[in-house]
Amino acid sequence: MFQKVSDSNFVQGEHSALSFWSSRDVFAKLRKKNANKAKWSFLDGPITANNPMGVHHAWGRTYKDAFQRYFAMTGHELRYQNGFDCQGLWVEVEVEKELGLGTKNAIHEFGIDKFVNQCKRRVLKFAARQTEQSQRLGYWMEWDEPAELRKLSAAVGSSEEIEYTNARGEKVKDVPHQIVAKLGNPDWGGSYFTFSTENNETIWTFLKKCFDRKKIYRGHDVMPWSGRSGSAYSQMEIADGRKLAVHRSLFVRFPLLDRENENLLIWTTTPWTLTSNVAAAVNPELDYAKIQSKRDGQIYYFAKENLNYKRLEKESKEGFGRPEWSWPDGVPKLKTLAQIFKEKGGFEELGTIKGAEMVGWKYQGPFDELPAQSQKGGYPFDERVREKTAVECHLVVDGGRDSKGSAHVVAGEGTGIVHTAPGCGDVDHKIGLELGIVGIAPLGEDGRYQEGFGEFTGREAIDPTTADLVIQKLEEKGLLVASEKYPHIYPHCWRTGDELVFRLVDEWFINMDWREEIKDVTRQIDWLPESIDGQNREIEWLTNMRDWMISKKRFWGLALPIWINPEDPTDFEVIGSLAELKEKCVEGWDGFEGNTPHRPWIDHVKIKSSTTGATLSRIEDVGNPWLDAGITPFSTMGYNTHRDMWEKWYPADLVTECFPGQFRNWFYSMLSLSTMMRYDETDDPKEKQPFKTLLGHRLVMNEEGQPMHKSDGTAIWFEEAAEQIGVDTLRWLYLAQNPASDLRFGTRHPEQPVTLETPEGPISETKEGAPTCKVTSGPADEVRRQYLIPLWNSYAFFVNYARLDEFDPSAEKIPYAERQEIDRWILSRLQSLIGLAHESFQAYDTSRFVNAAGQFIDDLSNWYIRRNRRRFWRSKDANDADKTAAYQTLHEVMVTLSQLLAPVVPFLAERIYQNLVFGRDLLDTLSSEEDSSDWPESVHLCDYPTVNEDLLDEDLNARTALAQAVVRLGHQVRDQSNLRVRQPLAEIRVACSTAAQRDAIEQLASVIQDELNVKTITTVDNLDGIVQYAYKPNLKTLGPKYGKLLGMLRKDLPNLAPEILAPLRSGSNVSIEMGGETIELEPDDVLVSTEQSSEWGTADDSGVQVAISTKLSPELIEEGMARDFVRHVQQLRKDADLEIENRIRIQYRSDASEIKQMLNIWSEYISAETLADSIESRQEIADGKSVSVGEFATVLSICLAN
RNA sequence: AGGCGUAUAGCUCAGUUGGUUAGAGCGCAGCUCUGAUAAAGCUGAGGUCGGUGGUUCGAGUCCACCUACGCCUACCA
């Protein structure tokens, strides 16, 4: 027997479903059911285990879960492995904060081992947290027990053995380091952690392959550098950290030697680099102006074009290309050079000179007194220029051209003469190398000046007082021409927000000259959604990217397996596995053994060079974290250790991730790593693809479409949304969204703290101690109101009447052929939905299915159930086969719908299924005994429904759709004629353009009549006599035939006498004369529409025209009044909370004789409809309700009959 | 700066191979229906389809240019 259904209690129902699944091990049963079936391989992109999950993570995770559930229900074996991203600077930054360590030195003092252990602990802690949140989302994965992860987190660093219960429920005993190292291995199950030894070692395999192909090199480059982090930043990282900054920019003169009173004018936005000036670059093609300042007689050279060039003119009006990058307050518009010189007493133009003529001029540098400027071989010393000093290199040089052939030096923002410091700028560095001049690299790893820079030594480059000092010195020397505030986009550390500096570094790179191979692989993959053209975006990145900087001078991350000869940096080796390392090890293995291959332990190991025999030490750098995530198609599937397993699961059928950024991050790293891993195994790019299909989705925004920020309290924590909005609602919202558009989710109200009822009890703050706040979401409310509540109400309607009637779902089925057409219709509609569900999921297009399901729920609720209510209300009668047919139909629809929706709204689907199949209310306390039923124990253990072709009747679907269209037209006519639906009308006439339509209308005549409350319905060939026909040419068919005549046809054809064109409506051709030509018109060539006439209201749509008689007879008016009367009494019953079966007495008062007259005829009907024993007229009625019956005021009241 | 994309109702967006009167949802307003429903249905705004020019019998749709916005890339000293 079904359990009575009342309030939906969505959130509470989700909690109940969670405990139902866990108490019955439903997920384990699902995996058992699908073991050894066809594989569907999903690869999870690792989530950074560094913070709790927000609603922005839940979108992608909902996709992942929904697809996994669909493919499980269609009988596939899955891996169900979640991934955690564990290594890298982002973890270090948080741990530094936790421990109050501000610099790299502080970390060294604290101890790298302790620091690294703390990083591991943090990752495990947040992995536990995200696991719990994901479980609340209903995300079915083979999770490690959060409590076990926390236990492990606490034990990291200890050398005591502990017991760990893995995801398969097996106990393992080992020291914490060793357990951590093996997390996620195929024997234990559970989430993969990118810090696992297998993951790191598989990256070694990759790097070894790169080394074998001679793609690994150490590069000296000027790269963006963070002094605080003490590390260089790769191209991928800089992209995330560009910000608008205001710097002091300076115009400085460089006095020319051998040309008295003549100066180069240069400009810079990084004053600190002037200490390291070596040369001045010009463009030989450019014209340079020679002007003389009137005040001091000095002569200046700079690009002619720049004299009156309005610098940053556009930016001062429009900003720098992003909404948040508008021109900063308090920064004045920039002056032109002409203006600057005018303000200094005016100037005189002396002439023009080509840049080429200036090349070779010598000048005096701005800081030639610094010892570094006079150091032979530059600073640091460079063998190739051992005899030169920077001061000796102070020449005007040709700036040259970049790889695309455009000049490095151009007129415009600066002066056309570029202060060149090969130790402080990327392009400068390249120019320096080309010209063989020395470089001065002033900054140490901490971003401060090193020895040899006088007063500057020890100062931080990005400290504003450093610029002050530069300015002060220049002023003292009389070299400063002007300074100004200059806003520009400048790279910043993407985590700390510190400005980066450009510093000469030596880092390790992968030469990416095999990019074409990667592009070939990229082209094998399906990139979804199509509209964002992911393939091209990826190809574009692959075309433009530079070599991959894989090293970072930090502590917590992949130990790059590069061992190098300290005496000879060209003598290095890349190690491909721990076994190889052990074999080559000559000392230090003791310091490493028993630990994970991380710093500091791995650094003890020294090996012997296989080529030179020298002792090699590991470079101290750690790896770029995108290697960690990029290797997962190999490491998690056992490429090195479980090859047969890898063969089965590679490549993944699907990966899905939030796409902005990932084209240069995860997608890129997977594609590159996979291409390299497979280069020696196959030449077929298809065999190298790490995944077959990629589904990208955009970002979660607030309700206004703006990003949500953790810092201002607008970012929504997952549990805030889950417990206030409900996870089923969230999931529907995510799955219905177009993945190519940002999701405008909702709003967090940081000023309104709330207490949340979670499955573990009430909370008013998150586990991190942040208060939980009110979250509102218009889109989520709409989902609930439009889809979930109607679904629930449909279900509740069925259950509550089925209970009263003691409907037995196991009773013999009434053959479909013997059921009413409307039953067969909803079943047929259901089959269409099933077919569409399969298509959509297989095309990874959830929004198509979810929207169709929404449509279906509407049809179910607002057509099938509404139209069939009376069949369910009929008094109980065991022999009422028609009623049984209705119950059986609705039961089948509801059960199937719960299965269809199980991947979308797993909680709600389970509740509905459990009650419909087992008569079990998940909100009740449940016994855990097994059911003796043929039905699967959970909706998630069901096979996904398949289309029953016998029940699919497209004609019937179309017929009903047509009837619904006619009803809509009828309502439209009533509305326009101001005739309420309760007012019966005499007749509707329907004219159709095809026989099929006509048949359909005739078959559904009674439905249409009933819906529209009309006495008769007639199908007719035309509405002649009722309406005027209007004719218009069908341009689509006539255009190709008559071309230029179309303009005339369009104008004149509607004006022809209607009788000329009338034959077209009965299917005959008509020929007319127009513009001196004969035009043969076929019925298809003309479009017919109707125009209103009196006494009939008309409307038309898609070839169907309806006319409804609007003339009211006294009888019709009386009947309308009777319907009004019933309606008002029913409302009073509802207001009084009467039971459906209660009988009543009605009293009324009205001065209108028409009311009495109506009651003479209709009282019996009214009594029957309202279960009234009597209808009495009274002069006075206390507490009566004033209503209108027809046009007449009436006061009504009811009371219970005795 | 370069590349790509977008511009349609108050808001968010559809708009097929060029075809007549350019649609949906939300919001707003009015009306209607209702003994499953915290519902729902219908109607409405009169939208220069960002602008200009072109191709065509015909352009929201194709082409060119311009403008605005978004994204990606980039060392602009």
Side-chain angles (χ1 to χ4, degrees), chain A residues 5 7-8 222-224 235 238-239 242 249 266-270 273 281 318 321-323 399 402 404 406 408-410 412-421 424-430 488-489 491 502 531-533 536-537 540-541 543-545 660-661 663-664 705 738 741 744 778-779 782 784-786 789-790 792-801 858 861-862 865-866 869 872-873 967-968 970-972 974-976 978-982 1011 1013 1032-1040 1042-1050 1087 1089 1127 1130-1131 1133-1134 1138-1140 1169-1171:
Chain A
V5 175
D7 280 355
S8 50
V222 173
M223 306 263 320
Q235 199 186 353
I238 300 161
R242 284 199 302 263
S249 80
I266 66 96
W267 176 71
T268 182
T269 59
T270 48
T273 63
E318 299 168 7
R322 282 194 196 172
D402 64 18
K404 286 176 196 155
S406 29
H408 283 132
V409 178
V410 292
E413 281 306 305
T415 62
I417 305 175
V418 176
H419 140 62
T420 301
C424 305
D426 184 22
V427 172
D428 305 43
H429 183 64
K430 286 202 181 68
H488 60 160
I489 305 305
F502 286 84
S531 64
I532 65 164
D533 202 10
N536 270 337
R537 285 203 198 190
E540 199 186 325
W541 162 262
T543 306
N544 296 326
M545 70 181 181
F663 289 104
R664 63 171 185 270
N738 174 0
S741 310
R744 298 178 166 213
E782 198 182 319
R784 202 180 305 107
R785 201 176 61 230
Q786 267 195 298
I789 289 174
W792 183 263
N793 289 333
S794 303
Y795 154 74
F797 173 86
F798 169 82
V799 166
N800 291 338
Y801 282 93
D858 187 59
S861 167
N862 281 321
I865 293 181
R866 192 172 51 78
R869 271 177 301 198
F872 295 96
W873 292 342
V967 168
R968 246 194 319 277
H971 281 140
Q972 196 178 322
R974 276 186 169 273
D975 192 73
Q976 282 161 6
N978 280 323
L979 290 165
R980 65 194 190 280
V981 179
R982 276 195 304 270
E1011 285 288 320
N1013 193 16
K1032 283 182 181 171
N1034 184 353
L1035 301 178
K1036 195 166 187 169
T1037 59
L1038 289 171
Y1042 296 104
K1044 285 187 195 279
L1045 282 175
L1046 223 57
M1048 190 187 300
L1049 264 173
R1050 193 172 172 186
L1087 302 165
S1089 60
R1127 160 85 190 101
Q1130 303 288 36
Q1131 187 61 46
R1133 290 186 62 115
K1134 197 175 176 181
L1138 299 190
E1139 294 300 320
I1140 293 169
E1169 286 291 313
T1170 60
L1171 295 186

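Atom set for the values below is all heavy atoms of this structure, side chains included, hydrogens, waters and symmetry mates excluded.
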Practice item. Pick the P atom in B:G23 and in B:G60, then give their distance to the nearest Å. Key: 14 Å

Practice item. Report the C-alpha separation of A:T273 and A:T268 in whole Å, then their side-chain angles, then the decisive distance to 0.1 Å, and conclude whether the side-chain contact (heavy atoms from CB on, under 4.5 Å) test is met. Key: CA-CA 8 Å; A:T273 63; A:T268 182; 4.0 Å; yes

**Study point:** Check ion pair A:D426-A:K430 (N to O, under 4.0 angstrom)
**Key:** yes

Review point. Contact class for A:P1033 vs. all strands (heavy atom < 4.0 Å): base, sugar-phosphate, or nothing?
Key: base

Exercise for review: Compare the minimum distances between each of B:A40, B:G19, B:U73 and the side chain of A:N544, then state the nucleotide with the smallest one.
Suggested key: B:U73

Check your understanding: Out of B:U17, B:C75, B:A40, which has the shortest distance to the side chain of A:K1036?
Key -> B:U17

Point to revise | Rounded P spacing from B:U61 to B:U55 in Å | key: 15 Å

Check your understanding: Nearest to the side chain of A:N862 - B:A40, B:A36, B:C71?
Key -> B:A40

Exercise for review: Using whole Å, report how far CD1 of A:I489 lies from C1' of B:U73.
Suggested key: 14 Å

Check your understanding: At their closest point, which heavy atom of A:R744 faces which heavy atom of A:P779, and how far apart are they?
Key -> O-CG, 3.2 Å

**Study point:** A:L1038 CG to B:U20 P, straight-line distance once rounded to whole Å
**Key:** 13 Å

Point to revise | Side chain to side chain, A:V5 and A:F798, heavy atoms closer than 4.5 Å | key: no

Practice item. Find out whether A:H408 and A:V418 are in side-chain contact, i.e. whether some heavy atom of one side chain is under 4.5 Å from a heavy atom of the other. Key: no

Practice item. Would you please confirm or rule out a distance under 4.0 Å between OP1 or OP2 of B:A77 and any side-chain N or O of A:H488? Key: yes

**Study point:** Exam field: side chain A:Q1130 to backbone A:E1169, donor-acceptor pair closer than 3.5 Å
**Key:** yes

Review point. Hey, does the side chain of A:R869 reach the backbone of A:R866 with a donor-acceptor pair shorter than 3.5 angstrom?
Key: yes

Exercise for review: Side chain of A:N793 only, please: which of B:C75, B:A36, B:C71 is the nearest?
Suggested key: B:A36

Practice item. Would you mind telling me which of B:A38, B:U37, B:A77 lies closest to the side-chain atoms of A:D7? Key: B:A38

Check your understanding: So what does A:D428 touch, heavy atoms closer than 4.0 Å: a base, only the sugar-phosphate, or nothing?
Key -> nothing

Practice item. Give the nucleotide from the list B:A36, B:U17, B:A38 with an atom nearest to the side chain of A:I789. Key: B:A38

Review point. Which part of the nucleic acid, if any, lies within contact of A:T1037, taking any heavy atom under 4.0 Å across all strands shown: a base, the sugar-phosphate backbone alone, or nothing?
Key: nothing

Check your understanding: Nucleotide by nucleotide, 5' to 3', does protein get under 4.0 Å of the base (B), only the sugar-phosphate (S), or neither (-) in nucleotides 4-10 of chain B, counting heavy atoms?
Key -> -------

Study note, to complete from the structure: A correct 5'-to-3' footprint of nucleotides 25-34 of chain B, with B, S and - meaning base, sugar-phosphate only and no protein heavy atom under 4.0 Å, is SSS---BSSB

Check your understanding: What is the nucleic acid contact for A:N1034, judged by heavy atoms within less than 4.0 Å: base, sugar-phosphate only, or nothing?
Key -> base

Review point. A:F797 has an atom CZ; how far is it from atom P of B:A38, in whole Å?
Key: 15 Å

**Study point:** Between B:C33 and B:U20 - P atom distance, rounded Å
**Key:** 36 Å

Practice item. Remember a base hit wins even if backbone is also touched, and classify A:V410 as base, sugar-phosphate or nothing at under 4.0 Å, heavy atoms. Key: base

Exercise for review: Report which part of the nucleic acid A:I417 touches: base, sugar-phosphate, or nothing (heavy-atom distance under 4.0 Å, all strands).
Suggested key: nothing

Check your understanding: Is A:S861 side chain donor-acceptor paired with the B:A40 base, going by distance under 3.5 Å alone?
Key -> no

Practice item. Remember a base hit wins even if backbone is also touched, and classify A:T415 as base, sugar-phosphate or nothing at under 4.0 Å, heavy atoms. Key: nothing

Check your understanding: Can you check whether A:R784 has a side-chain N or O nearer than 4.0 Å to OP1 or OP2 of B:A38?
Key -> no

